[in-house]
Every structure is written in structure tokens, then in C-alpha cells.
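Beneath this line is the structure, given in C-alpha cells, with notes to follow.
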Amino acid sequence: MTPERRERTPRWTREHASRIERTDETVAPIIYPPREAVAPDVHGWDTWFLRERDGSIASIGGWRVIFSLTAPADLLPGKRHDVAEIRYFYSREGETWHDGGPVFEGETRGSRQWAGSALLDDGEVYVFYTASGRVGEADLTYEQRLAVGFGGTVEADDSGLDIEGPFEHEVLLEPDGERYEREEQYRGMIYTFRDPWFFEDPADGETYLLFEANTPVPEGEGVCEDPVWEEFNGSVGIARSPTGDPTDWELCDPLLEGICVNQELERPHVVVRDGRYYLFISSHDHTFAPGLEGPDGLYGFVADSLRGEYRPLNGSGLVLTNPANAPYQAYSWIAFPHREELLVSGFFNYYDLGGLTLDDVATLSPDEQLAKFGGTLAPTVRIAFDGDRTRITGTLSHGRIPLESEELPALPEERLSHREETRQGYGGY
Ligand code: FRU
């Protein structure tokens with residue numbers, strides 16, 4: 001990475017991140033298990049919607065479709081990333097989701113598929129995903145490439161919806177080693193080149209793919225005050241399609257970098273409102289650089305154009321996090337606009353931990369580990385946003401994706417502060 005490029009790329013700085021704190025505006029209410037999981041036989045986590053080119057949620061015969069990473073429900077939750085498979089679910093009212101089964105049949109790219117996004121373009125379904133490892137590898141590897149399955153179609157009638165193949169698979173992008181680190185260059189904990197997110201810029205109709213990556217920072221370059229922070233080099237990557245064809249991409253310089261701040265800027269995505277670009281990522285408490293503290297949360301940045309200059313929302317970037325007494329209850333959030341509000345969908349992660357860390361959970365018996373993992377959709381969170389500020393105002397039920405025409409219940413005058421809610425007895429949590 002050249003010093004000039006580093007100057008130009010918008011940054012999430014240590015100064016911004018040093019302001020991160022849980023506040024009433026940013027802490028989501030506590031989550032309880034849903035009455036029914038979406039699909040009892042599988043655990044689901046990262047989820048995305050089938051969207052049109054303009055980013056709106058597609059509706060096919062009145063049905064909407066979501067895609068989730070899934071694994072058998074009896075597998076240890078910590079092992080799920082090793083076997084992840086993309087399934088789809090469909091719903092009319094956006095509350096009860098029906099399992100449509102695995103999206104792909106036969107060989108895909110990678111030994112397993114990680115998160116992505118999905119586009120319905122002229123009746124054709126494009127499922128962008130992370131090809132993790134290589135097909136047929138004897139031992140799992142962590143190489144990641146951005147891939148797509150395309151050529152699928154979707155059929156719907158009053159009884160349900162079917163996504164039909166055959167899908168053709170292609171690897172779209174691999175890291176170049178200059179703007180985006182290759183696996184062999186990586187010195188940190190968890191290598192990333194993943195989570196492709198399709199985005200069409202309403203300003204000029206240009207087509208982009210956002211993704212999570214790492215910026216190469218040669219050892220001892222002195223970019224951070226302490227060299228060890230240089231391993232904390234997460235970035236939001238971006239590629240442009242010169243033709244608008246969703247299978248044709250060229251890498252561009254990153255959109256945002258968190259060098260010396262955080263290793264993982266996960267599942268980047270953008271919401272445009274009133275000419276402002278809201279860029280969101282998810283990140284973990286354990287991926288912040290030494291000297292910084294931030295919880296598992298949804299972090300956001302705002303700019304007047306897609307390429308920035310991005311300012312962190314609420315001064316620090318923190319938009320949504322879990323309560324301090326249930327710090328891992330949800331993760332992997334996706335924000336989407338609904339009328340004047342922002343809604344945020346995530347998955348129900350580890351709960352009822354009674355102060356255990358995630359490392360502690362891994363030492364519990366298999367039954368206990370399974371009992372503490374949600375593995376399904378979390379309650380949808382409502383957020384008011386205005387300029388650089390956001391404020392959590394309430395929640396909807398688990399997995400709720402309201403129709404665009406739907407008016408949401410009026411907000412209570414004032415939400416109880418999270419401290420108050422916590423005091424009002426969230427027993428086992
Ligand atoms: C976020 C995430 C994604 C990745 C997936 C793998 O929860 O780390 O970045 O694609 O999980 O399961």
C-alpha cells in the first residue's frame with residue numbers, strides 16, 4: 001500500500017474508536033428465544049435478502065426471499081463455519097419463513113460457502129457468496145474468494161416459491177496482494193476476503209461489489225505507534241463492474257480502512273437516504289487492536305457520496321450492540337431502510353451465558369454448548385436516524401421483515417433505558 005493511497009482512503013481511526021461506549025441509543029433490548037425456530041433441523045446465522053438492482057427487497061408473487069448460512073442443528077455451534085451451506089426461506093407477511101432447502105445442488109466453489117448477497121435481475125437469480133477453501137480439500141483451508149452462482153430462476157404461486165437451478169458457478173475476485181491481502185501475507189488472527197455485497201449507486205447507476213478484506217501493511221512499517229497493531233488491518237473492499245454485468249468485476253481501492261483499529265470489518269453494506277451513504281459493518285470485541293475496547297456490534301459511517309469521506313456515526317461508529325449482561329446475544333447485522341426508519345436484522349447468537357466468554361463456552365459439554373446457541377433469526381431492531389446520529393427505538397418480532405407498505409406500530413413515548421430494562425429482571429441472562 002502506498003503512503004498516498006493511505007492518505008486518500010477514509011479511515012476508522014483510533015481516536016474515533018476510543019469514543020465507543022454502550023449508551024441508551026446504541027444498546028438493543030435483551031433477546032429471549034423465539035417460540036419456534038425458523039427451521040428446527042438447522043442452525044442459521046448470517047442472513048441476506050433477495051434484492052432488486054436498486055437495493056429494494058424483491059417480491060415475487062407476493063413472496064420475499066431470504067438466504068441464510070446453515071448447518072445441521074446437532075452440530076456443535078463452533079463447528080458450523082466448516083460446513084456452512086446456503087439455504088433459502090420465503091415468506092409473504094415477512095414473519096413466518098418457510099424453508100425452501102439448499103439453494104445449490106452439486107458442486108459449488110469452495111469447500112463450504114460463507115456469507116454473501118443476492119440479486120434478482122431480469123428474472124435471473126445471482127447468489128454472491130464467499131468460496132472458502134477449495135473443493136475436495138483433505139484438510140480445511142481458510143483461503144477466501146468471492147464467487148457467484150447464477151442462472152437460477154424463481155417460480156412462485158399461492159402455495160409457495162421455488163428457486164430452481166442449474167446454477168453456474170464462477171470465482172469473481174481474488175485478492176491482488178497490494179490493495180487486498182492474500183492469505184499468505186496475513187499475520188493476524190482471522191484472515192478475511194469475503195462477504196460480497198451487490199450495490200448499485202443511485203447517483204449514477206454504477207454497479208459495485210463491497211466486501212470485507214485486510215489491507216497489507218508490511219511488517220515494521222511503523223503505521224501504528226506499536227508495530228503489533230499493524231495486524232489490525234481490516235478494510236471494506238470494493239470492486240466495480242465496468243459493464244454493469246453482475247459477473248464482471250475489477251478491484252478498486254478500499255472504501256474504508258480500520259488499520260490500527262480492528263481486524264474484521266464484516267459484511268459491509270450500504271443504505272442510501274436523502275443523498276447520504278450509510279456504510280455498515282459488524283465487528284467483534286476480540287478483533288479490536290490493543291488499547292481499544294468495543295463490543296460485538298453494528299458499526300456505521302456516513303458520507304455524501306459512495307467513496308467518502310466517511311464520518312463515524314455517533315462519533316465512534318457504534319450503532320447497535322448487545323446489553324452488557326448478554327454481550328453475545330446477536331451478531332452479523334444487516335440494516336435496511338423502512339419508510340423513515342432503519343431496521344436491522346441479525347441472528348440470535350449465544351445467550352444465557354451467565355458471564356462466560358465465548359472461549360469458556362467452547363469448554364462446555366456439547367449439550368450445554370447447543371443449549372446456549374440461538375441459531376435462528378433475532379428480533380428486528382428499529383432505529384431512528386438523522387444525519388450522523390442514530391437511536392434504537394424498539395424491536396419487532398424475531399425475523400420480522402415488514403412489507404414496504406406496512407406502517408409499523410407507533411413508538412412508545414420513550415423506550416426504557418437499557419439499564420432500566422436490565423434492572424427489571426432478565427433473570428437467567
Ligand atoms: C460473520 C461471518 C462472515 C462469514 C461467516 C462465516 O458472522 O464471520 O463474515 O462469511 O460468518 O460463517
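Remember, it's a predicted structure, so these values are computed and weren't measured experimentally. First listed ligand is number 1; within each ligand, the first listed atom is number 1. The figures here come from the full heavy-atom set of this structure, side chains too, leaving out hydrogens, waters and symmetry mates.
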Straight-line distance of [X] [atom1] to [Y] [atom2], nearest 0.5 Å:
X	Y	atom1	atom2	result
Tyr299	Phe280	OH	CZ	14.0 Å
Ser345	Leu377	OG	CG	6.0 Å
Tyr90	Trp63	OH	CH2	6.0 Å

Under 4.0 Å from any heavy atom of [X], which atoms of ligand 1 are there?
X	result
His81	6 (C), 12 (O)
Ala115	10 (O)
Tyr331	1 (C), 7 (O)
Glu212	9 (O)

Examine distances only and state if a side-chain atom of Arg80 and a backbone atom of Pro77 form a donor-acceptor pair shorter than 3.5 Å.
->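 Yes; at least one donor-acceptor contact below 3.5 Å.
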
Taking heavy atoms and a distance under 4.0 Å, where does [X] meet ligand 1: side chain, backbone, both or neither?
X	value
Arg80	neither
Ser332	side chain
Thr192	neither

Check: [X] ring centroid to [Y] ring centroid under 6.0 Å:
X	Y	result
Trp12	Phe232	no
His269	Phe336	no
Tyr142	His81	no

Using distance alone, decide if ligand 1 has a nitrogen or oxygen within less than 3.5 Å of any nitrogen or oxygen in Glu266.
->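 Yes; the residue has a nitrogen or oxygen that sits under 3.5 Å from a nitrogen or oxygen of the ligand.
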
Quick one: does Arg194 get an N or O within less than 3.5 Å of an N or O on ligand 1?
->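 Yes; at least one N/O pair falls below 3.5 Å.
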
With the side chain counted from C-beta on, respond yes when Trp197 and Arg51 share a heavy-atom pair under 4.5 Å apart, and no when they do not.
->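 Yes, side chains in contact.
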
May I ask whether Asp195 has any heavy atom positioned less than 4.0 angstrom from an atom of ligand 1?
->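 Flag set, Asp195 near ligand 1.
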
Who's the nearest protein heavy-atom neighbour of atom 2 (C) of ligand 1, and how far?
->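 Result for atom 2 (C) of ligand 1: Asp46 OD2, 3.3 Å.
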
